[in-house]
Enquirer: 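Can you keep this structure in mind? I'll have questions shortly.
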Amino acid sequence: MFRIIKKSLRKGIVTGTYPESGMPAPEISDPLKKKMKLFKRSLTIREVDTGSCNGCEMEMNALINSIYDAERFGIQIAASPRHADALVVTGPVTVNMQSALKNVYRMTPDPKVVVALGDCAMNCGMFKGCYAVTGPVHKHIPVDLSIPGCPPRPSEILESLRTLLGQK
Amino acid sequence: MAEFREALEEFSRRFKNLILSREMVTGIPVYHIGKESLPEIALYLIHHPNLAGTLSMEWAADLRPMKESYRIYTLFSLMKKGFWMILTLDISGKERLYPSITPRIHGAKWYEREIRDMFGLIADGHPDLRRLVRHEHWPKGTHPLKKDFTWNTTLEQKDGTYLYRHIEGEGVFEVPVGPIHAGIIEPGHFRFSVAGEPIMQLEIRLFWKHRGIEKLFENLHLLNGVPLAEKVSGDTTYGHSLCYCQAVESLLALDVPLRAQYLRSLFLEMERLHNHLGDIGAICNDAAYALALAHCGRMKEQVMQLNDRLAGHRFLRGVNRIGGVTLDLEEAQLEGIVSVMSEIEKDFRELSNILFVNASLTDRLETTGLLKERTARDHGAVGVVARASNIDRDVRRDHPFAAYGKLNIKIPVFQYGDVRARVRVRIEETFESLSIIQRICQELPGGSVTVDSNKEASPGEWSLSAVEGWRGEILYFVMAGENGMIHRCKVRDPSFVNWPALQYAVLGNIVPDFPVINKSFNLSYSGNDL
């Protein structure tokens, strides 16, 4: 017990110890701004992987560690699309995942926001045109915000999401 | 060793009439056999006490236009690890059948289903020929890796159903999970058959993320394949690109400079380090011990930020190239690495001491998700999973690559095969990685970090390479085509062999323990689905 407390005390607070994102903030359109007002200051995210290399997943996971701690900005991860305000979609949409993606979109209650995370979700990246890929994401469901990068750094994801929330 | 040589000679004598030809390719003996004799020879290799083979990989290649036939390759590791042997057989004309080895060699079951989906070649006698990669909505007769299938074909959507295995009886019900799971994780479908809480059967259905990577390789020049290899599985970016580079370098007869080889080992260990740290934290978190996750997540982030500072990419993308590495480290950077590593070492030692005295954590991890040694061997399990089930296999020692031949590394092996054993393998390997990185920083030899090639590979030449990624043995088979293009690139992520083994590790456990068992395997979906 004492060892645990001692370790935690000695480490202190590490939240925020990361280099600032150098990426320009994304443009948020007026209709999107209006839609975002409904969510006030919190956003519950459901992450959907439709064929990424799992790099984007690792960076999304990093968002909830003690260094980035996205929850301090009201950003949470939901276990089910039914609990989500926003879908974060990664990867080019594969042939085998396209119907699952459409189902998830249907299951998410309105109003909802869709974020395409990473180059593959935005334009299929290296997989463009391949027989197994039907993407990008905006071909299947309407996308509100795109975050470029392969994969984008957690600091970049966090900045974009905060801009979306109107915190920047 | 003497017994092994004798056994090999005995093998050649015994099958003299069945072996059509024999050659050595990059030090690997390759026996070309008639297709009927495959099961007999394969079984002999596995059962002979002094050969003690395990099936490492089975794959096919469409040899058109060089030759009007398909070729099936079966790779065996002999003496439990150290030696490779390949059996090849040709299928030509209208023939589509070859004899299945699955009825006697369990580890072949997914390989043969994959070959059927990708090439339309059917393993005669395979007990379960359901589709694997092609989901039910794929039209009949689409076999993407055949040469007459163009890479940008648009697939039609057909109706169809996938038949799961059912268990019937009083009180038995099914729990379907996925393809989209709770949490930030890749897609896959798990179907549990349970009676009460214990799992009676688990069927894992994957390949939701099939992106056609092996077909896309065939559009690329040998020298341009690295960025695609980096995207096979993001968490193993470095392992995959290294394995691809090694395969091509051996095709082009390139001698990578010593300094580049040391740097490759260094970056590979960095990747192992950040993944193991993340896994240890996540496994403990799945047993509701969030403290470990908080500390491990922090240390993992330290390594990722260090990667970013050194290479400009948190996953080390763009570091490898054919013939070496793209960046060199200066003295100050090496000192920086050593200081971060010694800080993490102290930090992690404190944490592992805390973990080991925690009785409630130990209680959750011990005897959970038991993978018996026999089952692991039958599946040809590799990597962390195998070493936790008393199988002493590690490519870094068995087929030394990069600088591992000179580094004299320790390989932890545990016997029990439960979740705790897998955590302990990871903890030991974390310490070993920390020590290897510091040793490399001190011993790094001078010289250049890259070499260029002027050789062209002639069509049909191939090579095989193996890398011990953090998950386990990654294999690449690269065959050259016309004008230096890739004719065939077979990628084998360790996940592909460990996924079926997971189905056996969960039996008898309760459904709520599945997440922790799954996490202790921590397999890649994208590396498996390709």
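Throughout, a chain's letter reflects where its sequence line sits, starting with A, and its residues are numbered from 1.
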Enquirer: Please rank B:Asn219, B:Asp308, B:Ile185 by heavy-atom pairs under 4.5 Å with chain A and give me the top one.
Expert: B:Asp308
Enquirer: For B:Asn285, is it the side chain, the backbone, both or neither that has a heavy atom under 4.5 Å from a heavy atom of chain A?
Expert: neither
Enquirer: Where on A:Val95 is there a heavy atom nearer than 4.5 Å to chain B: the side chain, the backbone, both, or neither?
Expert: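 Both parts, backbone and side chain.
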Enquirer: Check A:Ser52 against B:Ser526 and note the closest heavy-atom contact, atom names and distance.
Expert: O-CB, 3.5 Å
Enquirer: Can you check whether A:Gly55's main-chain N or O pairs, donor with acceptor, with B:Lys231's side chain at less than 3.5 Å?
Expert: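 Pair absent, no side-chain N/O of B:Lys231 close to backbone of A:Gly55.
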Enquirer: So what's closer than 4.5 Å to chain A heavy atoms on B:Glu136: side chain, backbone, both or neither?
Expert: neither
Enquirer: Is there a side-chain contact between B:Glu301 and A:Thr17 in this structure, where contact means two heavy atoms from C-beta onward sitting under 4.5 Å apart?
Expert: no
Enquirer: Are the charged groups of B:Glu350 and A:Arg10 less than 4.0 angstrom apart, N to O?
Expert: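 Counted as a salt bridge, because a side-chain N and a carboxylate O are separated by less than 4.0 Å.
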Enquirer: What are the two closest non-hydrogen atoms of B:Gly212 and A:Ala132, and how far apart are they?
Expert: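 So the two residues come closest at N-CB, 3.8 Å.
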Enquirer: Highest number of heavy-atom pairs under 4.5 Å with chain A: which of B:Thr154, B:Leu351, B:Thr237?
Expert: B:Leu351
Enquirer: For chain A, find which of B:Leu228, B:Asn152, B:Ile184 contributes the most heavy-atom pairs closer than 4.5 angstrom.
Expert: B:Ile184
Enquirer: With only heavy atoms counted, which part of B:Val357 is less than 4.5 Å from chain A, the side chain, the backbone, both or neither?
Expert: side chain
Enquirer: Using heavy-atom distances under 4.5 Å, tell me whether A:Ser80 contacts chain B through its side chain, its backbone, both, or neither.
Expert: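 Neither part.
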Enquirer: When the ring planes of B:His210 and A:Tyr131 are compared, do they come out parallel, tilted or perpendicular, using 30° and 60° as the limits?
Expert: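 The arrangement is tilted - the two ring planes meet at 30° to 60°.
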Enquirer: For the residue pair B:Ala182 and A:Arg46, what are the closest heavy atoms and their distance?
Expert: CA-NH1, 3.6 Å
Enquirer: Taking B:Asp235's backbone N and O only, do any of them form a donor-acceptor pair with A:Asn54's side chain (distance below 3.5 Å, no angle check)?
Expert: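 Flag set: sc A:Asn54 to bb B:Asp235 pair under 3.5 Å.
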Enquirer: Give the C-alpha distance, both sets of side-chain angles, the deciding distance and a yes or no for side-chain contact (heavy atoms from CB on, under 4.5 Å) between A:Ser8 and B:His295.
Expert: CA-CA 9 Å; A:Ser8 299; B:His295 282 299; 4.0 Å; yes
Enquirer: Main chain of A:Lys11, side chain of B:Arg298: is a donor-acceptor contact present, judged purely on distance under 3.5 Å?
Expert: no
Enquirer: Taking the side chain as every heavy atom from C-beta outward, state whether A:Pro151 and B:Arg317 have any atom pair closer than 4.5 Å.
Expert: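 The answer is yes; the side chains approach within 4.5 Å.
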Enquirer: Does the side chain of A:Asp49 come under 3.5 Å of the side chain of B:Trp208 through a donor N or O and an acceptor N or O?
Expert: no
Enquirer: Could you check which of B:Leu291, B:Asp347, B:Asn358 has the highest count of heavy-atom pairs closer than 4.5 Å to chain A?
Expert: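 Winner by heavy-atom pair count: B:Asp347.
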Enquirer: Give the member of B:Gly183, B:Ala294, B:Gly297 that has the highest number of heavy-atom pairs under 4.5 Å with chain A.
Expert: B:Gly183
